[in-house]
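Working notes for the structure below.
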Amino acid sequence: MLQNSAIVVSMDEQGRKMTRLPKDLLHQLMRCELSSKALTTELINNNKAHASLNAIVYERFSHAEEDAAQRDAYIHSHGKASGLLHGLPITIKECFDLSGTASTFGVSARKRDIPSQNNVYIEALMKSGAVVLGKTNVSQLLSFTETDNPVFGVTLHPKNKKYSCGGSSGGEGALVGAGLSPLGIGNDIGGSIRVPAAVNGCCAIKPTTQRLRDNTRCLPEQDLIPIKAAVGPLSQDASTLHNALTVLNDAVQDEWPVKPLRDYRDIDLSSLKIGYFTDDGAFPVATAVKDGVLNAVAELKAQGAQVIEYVLPHLDEAEAIFYGAMSLDKGKILSRALQGDTPNQNVAMLHKIVPLPHSVITMLYYVLRGLGQKHQSRILKMVGHYTLDNVAELEARLTNYVKRVEDSMASTSIGALDAVISPILPVPAYLQNSFKHMGLGGRYSLMHNVTGFPAGIACVGTVKENESNSQFSDIDIAERQANHCMKSAKGLPLSVQIAAPAWREDIVLAVIDALHQPYTQKL
């Protein structure tokens, strides 16, 4: 352990050692109060000590120490930082190309896919002074919100190994939440940044879809899918998220049109008008999750914001658009990308059902509904309707929906809303292998992939003893599993989702800054 360690050590109420990285880590690096080499070495040692999490799947520890030493030499010889992320150790999701390492997306046939060049986002982060510790684990084909694949196996939740660390950027969430990485980079098409951030106690942001387009090579035909993924950061403070977004935004200025990134520190919270809701009309939330949202709302009220209860309009339409897009061409786009791999058990049923004739799917829908399986039957009704021949209809439907949401947010009883607060999941975290029963757990995460709005996560507390109990129906399989997820949830982080209109990442970051409580893990 370093004499002047960057790691903050404290004791919790049970006398257990808790560790976290300080909020001002970048500030310390840029003022030479902490050396990049020392910080990098310490994080490497901590990651080695917790290798059983199975979060880092390609480590470049020796290269990272060399890079960190170069950052230290630069600042001492030039008298200034090497960039906005000077000397900061980071991790990156396995799907981003990093020269000399495979980009498998959790698919066995891609183990020899080793690019010779860095992804444009990764190259920009390294040029800004960041030090890459390694690449982190993902769900198979980035296709569900847990982290498990046939190439690297399962990544564990740092707090409770019964639980999933989320996905598909689960390796990033686990490391950042556990204080083993100060900054992670992921991508998000249905919650893949936000869910891991929430269940591991990080803050994070999925920016406006058109700002940081996903240029990874997951699907050869991904440009045909109307719902687009976005690239974004996970960290433990709004300032680091802002710096990372700035670097990433600058990297694509010449690639496609992007609006300037505004500074969240210019936002006056007392000037904001904020809507909130705790029920998406599809999947109810646990009491703890609801209380987390209400406590966040109370905090924002105390800081002067105007607040109104408000639900995004026609979330059933958003859900139908999302599943129509994800099952485009009878799911063949996803199935072909597996290249012979057996689908993970969490999504195997969808791979089997979506290609079936529509008449068979309709029959299954009525059977499931008759058996009281409202969640699975609801989703079944929405898949497999769009082909490559009629995808234009889905795109028009998407455009119309976004306009309806924009009009609705602009005309509430307190005026145009600046942000909307909501849950991200119906429970604080999923037990391992719960996705096959619960799916996305309603519409909470997917709605902001449909709108394309920037959406972020702030940790606002932890689950208390009296909040770990059964609260859902036992008839429906999805809700029964949600009950199981609550039984051991004490101590897990509670998080809220914050969304704002397109291009207003600054508002999301300002609210994160006001709410986020860095979650400490027992290491």
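By convention here, the first residue in the shown sequence is residue 1.
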Determine, step by step, whether Gln140 and Asn149 satisfy the side chain to side chain donor-acceptor pair (under 3.5 Å) criterion, reporting the C-alpha distance in whole Å, the side-chain angles of both residues, the deciding distance to 0.1 Å, and the verdict.
CA-CA 5 Å; Gln140 185 189 42; Asn149 64 71; over 6 Å; no

Does Arg378 form a side chain to side chain contact (heavy atoms under 4.5 Å, CB included) with Glu319? I'd like the steps, not just the answer.
CA-CA 10 Å; Arg378 188 187 75 251; Glu319 188 175 39; 2.9 Å; yes

Specify the closest pair of heavy atoms between [X] and [Y], including all atoms of both residues, with the distance to one decimal.
{"X": "Ile114", "Y": "Gly100", "answer": "CG2-C, 3.4 Å"}
{"X": "Thr208", "Y": "Pro454", "answer": "OG1-CD, 3.4 Å"}
{"X": "Gly186", "Y": "Lys93", "answer": "CA-CD, 3.8 Å"}
{"X": "Val138", "Y": "Gly106", "answer": "CG2-N, 3.9 Å"}
{"X": "Leu53", "Y": "Pro158", "answer": "CD2-CA, 3.7 Å"}
{"X": "Leu156", "Y": "Ala174", "answer": "O-CB, 4.0 Å"}

State, without any angle test, whether [X] and [Y] hold a side-chain donor-acceptor pair at a distance under 3.5 Å.
{"X": "Thr147", "Y": "Thr155", "result": "no"}
{"X": "Asp97", "Y": "Ser103", "result": "yes"}
{"X": "Thr136", "Y": "Glu94", "result": "no"}
{"X": "Glu33", "Y": "His27", "result": "no"}
{"X": "Lys135", "Y": "Thr101", "result": "yes"}
{"X": "Asn390", "Y": "Thr387", "result": "yes"}

Going through the distances and angles, do Ser164 and His157 end up as a side chain to side chain contact (heavy atoms under 4.5 Å, CB included)?
CA-CA 5 Å; Ser164 167; His157 192 290; over 6 Å; no

Output yes when a side-chain donor or acceptor of [X] lies under 3.5 Å from a complementary backbone atom of [Y], and no otherwise.
{"X": "Asn449", "Y": "Phe322", "answer": "no"}
{"X": "Thr91", "Y": "Glu172", "answer": "no"}
{"X": "Tyr444", "Y": "Asp280", "answer": "yes"}
{"X": "Ser128", "Y": "Leu125", "answer": "yes"}
{"X": "Tyr58", "Y": "Leu98", "answer": "no"}
{"X": "Gln432", "Y": "Lys162", "answer": "no"}
{"X": "Arg71", "Y": "Gly129", "answer": "yes"}
{"X": "Ser77", "Y": "Tyr74", "answer": "yes"}
{"X": "Asn137", "Y": "Val154", "answer": "no"}
{"X": "Ser327", "Y": "Gly331", "answer": "no"}

Pair Lys48 + Glu59, salt bridge at N-O below 4.0 Å
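Answer for the salt bridge query: no.
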
Side-chain ion pair, Asp506 and Arg504, N-O less than 4.0 Å:
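Looking at Arg504 together with Asp506, the answer is yes, because their closest N to O distance falls below 4.0 Å.
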
[Y] and [X], any side-chain heavy atoms less than 4.5 Å apart:
{"X": "Leu334", "Y": "Leu141", "value": "yes"}
{"X": "Pro423", "Y": "Val496", "value": "no"}
{"X": "Lys228", "Y": "Arg213", "value": "no"}
{"X": "Gln28", "Y": "Leu39", "value": "no"}
{"X": "Arg217", "Y": "Arg110", "value": "yes"}
{"X": "Ser108", "Y": "Pro150", "value": "yes"}
{"X": "Ser181", "Y": "Leu43", "value": "no"}
{"X": "Leu224", "Y": "Val391", "value": "no"}

Between atom [atom1] of [X] and atom [atom2] of [Y], what is the distance when rounded to the nearest 0.5 Å?
{"X": "Ile193", "Y": "Asp188", "atom1": "CD1", "atom2": "CG", "value": "5.0 Å"}
{"X": "Asp329", "Y": "Glu221", "atom1": "CG", "atom2": "CD", "value": "7.0 Å"}
{"X": "Cys485", "Y": "Leu492", "atom1": "SG", "atom2": "CG", "value": "10.0 Å"}
{"X": "Phe453", "Y": "Glu505", "atom1": "CZ", "atom2": "CD", "value": "11.5 Å"}
{"X": "Ile512", "Y": "Cys202", "atom1": "CD1", "atom2": "SG", "value": "11.0 Å"}
{"X": "Asn344", "Y": "Asn433", "atom1": "CG", "atom2": "CG", "value": "7.0 Å"}

Aromatic rings Phe435 and Phe144: how do their planes relate, parallel, tilted or perpendicular, breaks at 30° and 60°?
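The arrangement is tilted - the two ring planes meet at 30° to 60°.
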
Under the side chain to side chain donor-acceptor pair (under 3.5 Å) rule, what do Gln497 and Ser422 come out as? Steps first, then yes or no, please.
CA-CA 5 Å; Gln497 178 173 222; Ser422 70; 3.2 Å; yes

State whether the number of non-hydrogen atoms from other residues, nucleotides or ligands found under 6.0 Å of Arg336 atom CZ is greater than 12.
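Count over threshold, so yes.
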
Report, as yes or no, whether the 6.0 Å neighbourhood of atom NZ on Lys127 holds more than 12 heavy atoms from other residues, nucleotides or ligands.
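Counting other residues, nucleotides and ligands, NZ of Lys127 stays at 12 neighbours or fewer.
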
Test side chain to side chain contact (heavy atoms under 4.5 Å, CB included) applied to Leu29 and Ile75, step by step:
CA-CA 9 Å; Leu29 288 166; Ile75 200 168; over 6 Å; no

I would like to know whether Asp148 and Asn346 meet side chain to side chain donor-acceptor pair (under 3.5 Å); could you show each step before the answer?
CA-CA 9 Å; Asp148 184 13; Asn346 281 290; 5.3 Å; no

Would you tabulate the side-chain donor-acceptor contacts of residues 248-262 under 3.5 Å, counting partners in other chains and residues two or more places apart, or write 'none'?
residue: Asn249; atom: OD1; partner: Arg211; partner atom: NH1; Å: 3.0
residue: Trp256; atom: NE1; partner: Gln210; partner atom: O; Å: 3.4
residue: Trp256; atom: NE1; partner: Arg211; partner atom: O; Å: 3.0

Checking side chain to side chain donor-acceptor pair (under 3.5 Å) for the pair Ser434/Gln481: CA distance, chi angles, key distance, verdict?
CA-CA 7 Å; Ser434 290; Gln481 189 65 25; 2.9 Å; yes

With sequence neighbours excluded, residues passing salt bridge (charged side-chain N to carboxylate O under 4.0 Å, His left out) with Asp214:
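So Asp214 forms no salt bridge (charged side-chain N to carboxylate O under 4.0 Å, His left out) with any residue.
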
Those residues that, when tested against Arg60, pass salt bridge (charged side-chain N to carboxylate O under 4.0 Å, His left out) (two or more places apart)
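Checked Arg60 against salt bridge (charged side-chain N to carboxylate O under 4.0 Å, His left out); matches are Asp67.
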
Show your reasoning for whether side chain to side chain contact (heavy atoms under 4.5 Å, CB included) applies to Thr240 and Leu26.
CA-CA 8 Å; Thr240 303; Leu26 264 174; 4.2 Å; yes

